[in-house]
Amino acid sequence: SASRLIESSPPFSPFCILGLRYLQQAIATAQSSEASSPLAHLDFELEFKPFLLDPTLTREPIDKREKYEARFGKESLQDGGNDAEESKELWIEFVSTLRTSIRLEEAHLANRVYDGPVSSTHDYHRVLHAAWAKGGQDLQLPLAERLFSGYFEHQQDPGSRTWLAKEAVAAGVFSSV
């Protein structure tokens, strides 16, 4: 029988995608062990479980950058300056520091963006649950990958029912929208 590994998954935390990549690396390493090793015979199932990183978000999308400013303080992004160009440069520096500190390159998200909308993730978690219920890891993991990519690389809103439904159909969770 397979060992079930559970990952709490707020869609907008870059630490989740990075943790997923490290977990996938560890599983691959274990499974590629010599045949005489007990690790080589382990089976794993990875299940994503809901975690509301920010329960204050509503269905109404807000700008990620504004959310960062509200959470971490405008001064931390603007360094006290009011100049729009200076603010943009400081934002780019902030994103660069974030990118370096969590090594998103290792998460295989080559085209990551930090702009775009964010809203309540209740429906995001519901669609991942539906994928697990219908097909376990074989259905849920590809959907999770699609959702991570959409959010981190294509500025998709993790609370958009239209986008979530489209991705669920593409992953085979639903037959139609």
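Atoms CD and CG, on Q140 and L147 in that order, are 10.0 Å from each other to the nearest 0.5 Å. A distance of 12.0 Å separates CG in D123 from CH2 in W163, rounded to the nearest 0.5 Å. Separating the CD1 atom in I6 from the CZ atom in F48 is a distance of 11.5 Å, to the nearest 0.5 Å. To the nearest 0.5 Å, atom CG of residue L128 and atom CD of residue E167 are 11.5 Å apart. Note that CZ of R126 is 10.5 Å distant from CG of L164, once rounded to the nearest 0.5 Å. Atom CD of Q155 sits about 9.0 Å away from atom CG of D63, to the nearest 0.5 Å.
Applying the side chain to side chain donor-acceptor pair (under 3.5 Å) criterion to S160, with sequence neighbours excluded, gives no partner residue. Looking at residues two or more places apart in sequence or on another chain, you find a salt bridge (charged side-chain N to carboxylate O under 4.0 Å, His left out) between D54 and K67. Every residue was checked against the side chain to side chain donor-acceptor pair (under 3.5 Å) condition with S176, not counting sequence neighbours, and none meets it. In terms of the side chain to side chain donor-acceptor pair (under 3.5 Å) criterion, K166 has no residue partners (sequence neighbours excluded). With sequence neighbours left out, the side chain to side chain donor-acceptor pair (under 3.5 Å) criterion links H122 to S120.
Ionic pairing of K64 and E66 is not present here: no N-O contact between side-chain nitrogen and carboxylate oxygen is shorter than 4.0 angstrom.
Linking Ile, Leu, Val, Met, Phe, Trp and Tyr whenever their side-chain heavy atoms come within less than 4.5 Å leaves W132 and V127 in two separate clusters.
Between A130 and F174, the closest heavy-atom pair is CB-CE2, 4.3 Å. Minimum interatomic distance between P50 and H125 (heavy atoms only, all atoms of both residues): CA-ND1, 3.3 Å.
The side-chain heavy atoms of L139 and L143, taken from C-beta on, include no pair separated by under 4.5 Å. Side-chain contact check for V118 versus Y151: some heavy-atom pair is nearer than 4.5 Å. Counting heavy atoms from C-beta on, the side chains of Q137 and E47 never come closer than 4.5 Å. Looking at L20 and F148, their side chains come closer than 4.5 Å, going by heavy atoms from C-beta outward. Under the 4.5 Å side-chain criterion, counting only non-hydrogen atoms from C-beta, E60 is not in contact with S119. I62 has its side chain within reach of L57: a pair of non-hydrogen atoms, C-beta onward, lies under 4.5 Å apart.
Listed by first and then second residue, the salt bridge (charged side-chain N to carboxylate O under 4.0 Å, His left out) pairs that reach into residues 128-145 are R21-E145, sequence neighbours excluded.
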